[in-house]
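Report on the structure given below.
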There are 2 protein chains.
Amino acid sequence: MLTDERYAVILDRLKDHGIVKTQELMNLLHCSESTIRRDLDSLERSGKLKRIHGGAKRMYHLDEELSNQDKTTKNVQEKSNIGQLAASLVQPKDVIFIDAGTTTLALIEALKVGNITVVTNGIPQASLLAEKNIPTILIGGSMKMTTKAIIGETAVEQLKQYQFSKAFLGINGMDLEFGFTTPDPEEAAIKRLVIQKSASTYIVADETKWGKVNFVKVCNLEDVTIITNKTNDDYTAIKEKTTILEA
Amino acid sequence: MLTDERYAVILDRLKDHGIVKTQELMNLLHCSESTIRRDLDSLERSGKLKRIHGGAKRMYHLDEELSNQDKTTKNVQEKSNIGQLAASLVQPKDVIFIDAGTTTLALIEALKVGNITVVTNGIPQASLLAEKNIPTILIGGSMKMTTKAIIGETAVEQLKQYQFSKAFLGINGMDLEFGFTTPDPEEAAIKRLVIQKSASTYIVADETKWGKVNFVKVCNLEDVTIITNKTNDDYTAIKEKTTILEA
DNA sequence: TCAAAAACAATCATAAACAATCATTTAACT
DNA sequence: AGTTAAATGATTGTTTATGATTGTTTTTGA
């Protein structure tokens, strides 16, 4: 069992359970307490988890961080559906904003129409847009390392220069009571500004985001149109407040 | 069993499992530990995998960036050498600019020191920096689709805000008579501004750039320090005008 | 509050993996 | 065929990872 294999197992387990115990890892990985302890120490140093007495717990951004690797295979079908619906809204001559995050990548994949300009704050988004030969403007500023999103004051200042005909935003949580929320205040600031600068705004989010509440509020449900995949009866109350497009 | 056959087996196995062990490969390929180790070394140099203690693992990042442009392993080796020399110049507390282009990616790969800030105008650069957890500021503006470089007026305006202790630039051509040249006026404008804003500037370029002349002049040979790999007798005249670091 | 138990950090010896080198074999080219 | 270059496997000493041991700190519950 190689060091990196153990790391992978530990992080995977952490992703599911939110917490791991030293003893449990010893049995699972068939190695000594010292080794586990050293592993947790390394992983903590590289910011992947937080050590606690008896084991370790998940850190905030681990949620997003791990998903970058396996999310590509996880909700792929659903995201693809959402992306296609979102892409169908884009028309020639549109100037659209595309948010950072994994969900909006599916939108870019599905983009078909020509003669559009895209503005984005996501590095992977920019990369994909370049490969699809879509004229793109990237927002400058500080890069958030876990999500490869551009944030900060410089980004806000640059965004103020633009107006968009449509904006497509990702989100971490949406809830009837608390509206749209994300863990990062700086990302929330970007999203709020974009909503303000765009003629119409669409939140693209798969069903797992329903009912989740994060640290910072972005806006109310009724301020935007939601593009999601599965809306069951639970959302009748929500549907009265806002517009939902089902993919 | 030919060398390239082993490479294929190793990479194939890596694609499925994400990780390979030296011992396991020895049995699978019926060859000595030394050979496996050499194979892994070569494959790491050409950017196909990442060696770890006991074997190797997949590289998530510049897999697409470098390998699909099919650099020969020789060229990769040279760029790696140049990158390592360039990286050795970086010191803690530096604020450095890293230019877009493939050569500077090797520099980022080789970056070891902590407590630095990087400013870049390259999308692949930003992506790699994020994976290495290096604090990064990305220049915003229009994206040039062929090279994934950020250019244009917005980029220039943002750059004016910054000062750098060191800057590392790529280049398309360098010539005794015509100096440093690139095909794109907008890229040249960025490079010129960076040179002006940086305490010291290094051009990183492999030997193939010597004697080439492109459309737009960036600066004279004597304005910067050149980091390149092979300097033979032809360059005696050049060496009188400028500083050359040989990797 | 105090004592026992568990978890902890630090250290050490051992074993595995490592880089570097060399002689030998294999392939490639004239 | 004969020469040269490249690849291989064995050997060397070095580095790294590991598990056991030590004594200390934290948690627990009586």
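Chain letters run A, B, ... following the sequence lines, proteins first and then strands; every chain starts at 1. Worth saying up front: this structure is predicted, and the values here are computed from it rather than measured.
Spacing between atom NZ of A/K57 and atom P of C/dA7 amounts to 18 Å, rounded to whole angstrom units. Across the protein-nucleic acid pair, A/E33 atom CD and D/dT25 atom C1' stand 14 Å apart, rounded to whole Å. One can place CG of B/D41 at 14 Å from P of C/dT21, the figure rounded to the nearest angstrom. Between the CD1 atom of A/I36 and the P atom of D/dT18 there is a distance of 10 Å, given to the nearest Å. Taking atom CG of A/L25 as the reference point, atom C1' of C/dA6 lies 16 Å away to the nearest angstrom.
A sub-4.0 Å separation between OP1 or OP2 of D/dT18 and a side-chain N or O of A/T35 is absent.
Projected onto DNA chain C by closest heavy-atom contact, B/R38 and B/H53 fall at different nucleotides, the more 5' of which corresponds to B/H53. When each of A/R6 and B/D39 is assigned the nucleotide of DNA chain D bearing its nearest heavy atom, the one mapping closer to the 5' terminus is B/D39.
Within the 4.0 angstrom heavy-atom criterion, only backbone atoms of the sugar-phosphate kind lie near A/I52; the bases stay farther away. In this structure, A/S34 reaches the bases: a heavy-atom distance under 4.0 Å links it to at least one base atom across the strands shown.
Between the side chain of B/R37 and the base of D/dG9, no donor-acceptor pair of N or O atoms lies under 3.5 Å. For B/T3 against D/dA6, a side-chain-to-base donor-acceptor contact under 3.5 Å is absent.
Only one option out of B/T120, B/I137, B/L138 pairs with B/L129 in a side chain to side chain contact (heavy atoms under 4.5 Å, CB included); it is B/T120.
Here C/dA17 is the nucleotide among D/dT8, D/dT26, C/dA17 with the atom lying nearest to any side-chain atom of B/Q23. Closest to the B/R51 side chain, of the nucleotides C/dA19, C/dA9, D/dG19, is C/dA19.
Ion pairing between B/R45 and B/D41 holds under the 4.0 Å rule for side-chain N and carboxylate O. A salt bridge links A/D206 and A/K209; the closest N-O separation between the charged side-chain nitrogens and carboxylate oxygens is under 4.0 Å.
Checking side-chain atoms of B/S165 against main-chain N and O of B/V95 turns up a donor-acceptor pair under 3.5 Å.
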